[in-house]
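Along the sequence shown, the residues carry numbers beginning at 1. Order of appearance sets the numbers: ligands from 1, and atoms from 1 within every ligand.
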Amino acid sequence: MTNSFDKAKLANALSSHTLKSATRFQYGTAGFRMEASLLDPVMFAVGLLAVLRSKYHKGKTIGVMVTASHNPEKDNGVKLVEPLGEMLVQSWEGYATELANATSSADAITSALESIIAKEKIDLSQPARVVVARDTRPSGKALVASLVDGVQCLGGEIKDFGLFTTPQLHYVVRCINTAGTEDAYGEPTEEAYYEKLAAAFKKITAGYPRLSPLLIDGANGIGAPAMEKLGKYLGDSFAYQLVNNDVVSSGKLNHESGADFVKIKQTKPLGMDLKYGQRACSLDGDADRIVFYFTEEDGTFRLLDGDKIATLAADFIMDLAKQANILVQREDGSKTPLHIGLVQTAYANGSSTAYVKDTLQVPVVFTPTGVKHLHHAAEEFDVGVYFEANGHGTVLFSPAAIKAFKTSVGATPAAEKAIDALRALTELINQAVGDALSDMLLVEATLTYQQKSFAKWNSDYTDLPSRQEKVKVANRANFVPIKADTELSHPIGLQEKINEQVAKFSKGRCFVRPSGTEDIVRVYAEAATREETDRLCYLVCGLVFDGYGGVGTRPTTFLP
Ligand SMILES: CC(=O)N[C@H]1[C@@H](OP(=O)(O)O)O[C@H](CO)[C@@H](O)[C@@H]1O
Ligand SMILES: [Mg+2]
């Protein structure tokens with residue numbers, strides 16, 4: 001066991017990355033995220049932490065993704081990925097914050113490192129392996145270089161995969177760490193990723209007529225070139241037309257395009273000519289989110305968001321499991337039907353929750369916002385379907401469920417076909433993390449298998465009108481969410497005022513929570529009609545702004 005490191009080497013390496021401003025860093029919902037020009041010391045600190053995390057896992061490979069997802073192009077960010085492709089454990093988020101803020105001096109960083117090494121009893125004689133990738137942001141390359149300095153000064157090995165989607169980085173991390181085991185996830189290469197998805201998609205859709213071409217909005221980000229490559233592997237099995245694929249021209253990334261824009265504005269992206277009868281989807285800047293949409297004949301925009309993707313997937317998998325009569329081996333020796341569950345957040349549309357519970361008769365679990373929370377809750381089921389309303393999510397299969405699919409023998413040709421489809425779904429769906437390309441193929445495979453149109457899919461249930469707004473406040477830390485983000489415990493008194501407003505509206509629901517990724521609080525509202533929804537939302541925005549620290553000019557939309 002070694003617990004000492006070369007302090008002179010650390011001090012020397014830090015001297016090129018010293019924090020010079022008064023910025024305070026915080027590892028939040030999606031890692032560190034801010035204006036790219038501030039990130040250099042953070043990247044160096046993350047390099048150090050990745051080495052410690054790898055040594056802690058006895059040399060398992062840790063992933064680092066450099067991206068700011070749907071944020072504007074000038075921003076960037078970084079997040080750490082655990083050996084099986086999950087997000088960094090919460091107990092280490094504090095260490096990330098401490099290290100990043102200790103980059104102001106050699107003494108501070110040395111003592112921060114020593115304290116983590118002691119607390120976590122890290123044996124520095126263990127090897128350390130780190131892999132890194134980045135999205136298309138122009139700032140990414142230099143930030144990776146700062147990370148490399150951090151990794152190397154503590155003697156870690158680093159492999160740079162260059163340009164990747166976030167889910168591709170999670171995929172290779174899981175592949176590397178499961179290689180040679182019975183859970184081997186695949187070859188850790190970009191090509192193998194495309195091959196795996198394309199082969200599974202072809203298996204499920206073989207013999208069915210192809211759907212009409214899908215319009216894909218690449219948000220002018222990494223999803224666009226990745227889609228072009230995936231398209232080559234899919235060949236004739238999938239027809240699509242890519243728009244917003246200009247990753248070179250600066251300033252266009254996510255600009256009035258991408259999944260976040262489409263979800264929040266409930267309109268088609270810039271750069272897409274969406275005609276009646278066409279089907280479309282939008283990826284976000286790092287291709288881990290997707291939403292689908294179409295227009296009615298009268299031009300009405302219809303969004304098929306994460307809630308709709310979750311219900312489509314859960315319904316499909318339940319149907320297949322029923323046809324295949326899948327029974328799962330339990331620890332007590334019994335065999336029982338597949339246990340499917342759905343995980344949502346407070347942002348899920350109320351109609352979707354009612355549909356899942358009442359029509360699909362599937363249990364729903366609610367967690368706070370942020371996929372790491374949903375992911376853990378989904379692991380409790382044989383098949384855990386989790387999606388945030390914004391289109392970020394996936395489906396998890398338990399080892400027992402995968403085993404049941406592998407060993408089941410169909411009693412009829414129809415049952416055999418359903419089993420084959422279930423097996424292929426476990427290959428098609430990214431088990432590590434929500435993945436826009438994998439989710440896109442999941443939706444398209446389901447719709448092809450069921451020969452279902454977007455309109456038919458949309459008619460499963462009717463969304464309640466909803467509105468999401470942001471309020472700029474002096475200190476968002478004053479807002480403390482409880483009950484899976486549906487209520488606030490602080491500031492004292494605000495929740496009662498929100499409740500008073502909600503009670504005035506038919507089917508009213510409204511909650512306020514601080515964002516983990518932006519310096520604002522979010523207000524979400526639902527009610528029976530569009531007018532009532534907007535009124536409820538803007539009344540609560542006004543309440544927050546006027547009584548609880550609103551800053552800047554009061555937006556004219558806020559009520560009363
Ligand atoms: C309402 C909303 O969409 N919130 C998003 C957003 O988090 P906030 O904490 O709300 O800023 O970014 C997260 C990371 O991408 C994502 O997981 C989450 O769903
Ligand atoms: Mg994203």
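- Closest protein heavy atom to atom 14 (C) of ligand 1: A30 CB, 3.9 Å.
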Using a 3.5 Å cut-off and no angle test, enumerate the donor-acceptor pairs between side-chain atoms of residues 61-69 and protein atoms at least two apart in sequence or in another chain.
| residue | atom | partner | partner atom | Å |
| --- | --- | --- | --- | --- |
| T67 | OG1 | S69 | N | 2.8 |
| T67 | OG1 | D135 | OD2 | 2.7 |
| S69 | OG | D284 | OD2 | 2.9 |
| S69 | OG | D286 | OD1 | 3.2 |

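- Residues satisfying the ring pair (Phe, Tyr, Trp, His ring centres under 6.0 Å) test with F387, not counting sequence neighbours, are none.
- With a heavy-atom cut-off of 4.0 Å, Y524 does not touch ligand 1 at all.
- Among all heavy-atom pairs drawn from I498 and C510, the shortest one is CG2-O, 3.9 Å.
- Looking only at heavy atoms of the protein, atom 15 (O) of ligand 1 is closest to R289 NH2, 3.5 Å.
- At a 3.5 angstrom cut-off on N or O pairs, T517 counts as close to ligand 1.
- Stacking of K229 on the aromatic ring of Y193 is not recorded, the 6.0 Å distance cut-off and the 45° axial limit not both being met.
- With ligand atoms numbered from 1 in the order given, ligand 1 contributes 8 (P), 9 (O), 10 (O) to contacts under 4.0 Å with heavy atoms of R513.
- For N430 and T394, the side-chain atoms include no donor-acceptor pair closer than 3.5 Å.
- Taking distance alone, with nitrogen or oxygen atoms compared against 3.5 Å, R522 approaches ligand 1 more closely than that limit.
- The proximity of N390 to ligand 1, defined as any non-hydrogen pair under 4.0 Å, is limited to the side chain.
- Checked against a 3.5 angstrom limit, the closest N/O atoms of E518 and ligand 1 fall outside it.
- Classification of D260 and R289 as a salt-bridged pair holds, one side-chain N sitting under 4.0 Å from a carboxylate O.
- In K472, the NZ atom is not crowded: 12 or fewer heavy atoms of neighbouring residues, nucleotides or ligands sit closer than 6.0 Å.
- Annotation for ligand 1: atoms under 4.0 Å from non-hydrogen atoms of G516 are 8 (P), 9 (O), 11 (O).
- Residue contacts with ligand 1 for T369 involve side-chain atoms from C-beta outward but no N, CA, C or O (heavy atoms, distance under 4.0 Å).
- By the 3.5 Å distance cut-off applied to N or O atoms, S515 is counted among the residues near ligand 1.
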Less than 3.5 Å apart, which donor and acceptor atoms pair up between the side chains of residues 78-87 and the rest of the protein, not counting sequence neighbours?
| residue | atom | partner | partner atom | Å |
| --- | --- | --- | --- | --- |
| E82 | OE1 | R53 | NE | 3.3 |
| E82 | OE1 | R53 | NH2 | 3.2 |
| E82 | OE1 | H57 | NE2 | 2.9 |
| E82 | OE2 | R53 | NE | 3.0 |
| E82 | OE2 | R53 | NH2 | 3.0 |
| E82 | OE2 | V89 | N | 3.0 |
| E86 | OE1 | L84 | N | 3.2 |

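- Between the CG atom in L215 and the CZ atom in F292 there is a gap of 12.0 Å [rounded to 0.5 Å].
- To the nearest 0.5 angstrom, K159 atom NZ is 7.5 Å from I176 atom CD1.
- Within the structure, ligand 1 has G370 among the residues with a heavy atom less than 4.0 angstrom away.
- Inside a sphere of radius 2.8 Å centred on the Mg ion (ligand 2), the protein N/O/S atoms present are S69 OG, D284 OD2, D286 OD1, D288 OD1.
- Taking atom 17 (O) of ligand 1 as the reference point, the nearest protein heavy-atom neighbour is E388 OE1, 2.7 Å.
- A ring-centre distance under 6.0 Å is not found for Y27 and Y95.
- The pair D217-K268 fails the salt-bridge criterion, with no side-chain N (NZ, NE, NH1 or NH2) lying under 4.0 Å from an Asp/Glu carboxylate O.
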